[in-house]
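Here the structure is laid out as structure tokens; the discussion comes afterwards.
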Amino acid sequence: MVRMADIDKRSAPRIACLYVTDIMKLLPHRYPFLLVDRIVEMDAPRRIVGIKNVTINEGFFQGHFPARR
């Protein structure tokens, strides 16, 4: 498990991958506001690369494709 205290340190090691269950332990956000599914690279506190998987059913796509109702 990754603790927030470990991430805040400038000497924190690079973490290869965090999945949504690990991310939810660190962030208070939940669906639909948890807009990250996976962390693929982290060099805290300078840089974090994350991935959000989206589908056409997501709420923010409604109205963008009026021909598909």
Legend entry - With sequence neighbours excluded, residues passing side-chain contact (heavy atoms from CB on, under 4.5 Å) with Val54: Lys52, Glu58, Phe60, Phe61
Inset, instruction - Identify whether Tyr19 and Ile39 are in the same connected component of the hydrophobic contact network (ILVMFWY, side-chain heavy atoms under 4.5 Å). - result: no
Inset, instruction - For residues Ile23 and Leu18, report the shortest heavy-atom separation together with the two atoms involved. - result: CD1-O, 4.0 Å
Inset, instruction - Evaluate the side-chain proximity of Thr21 to Met24: yes if any heavy-atom separation is below 4.5 Å, no if none is. - result: no
Legend entry - Pairwise distance SG(Cys17) to CD(Glu41) - rounded to 0.5 angstrom: 11.0 Å
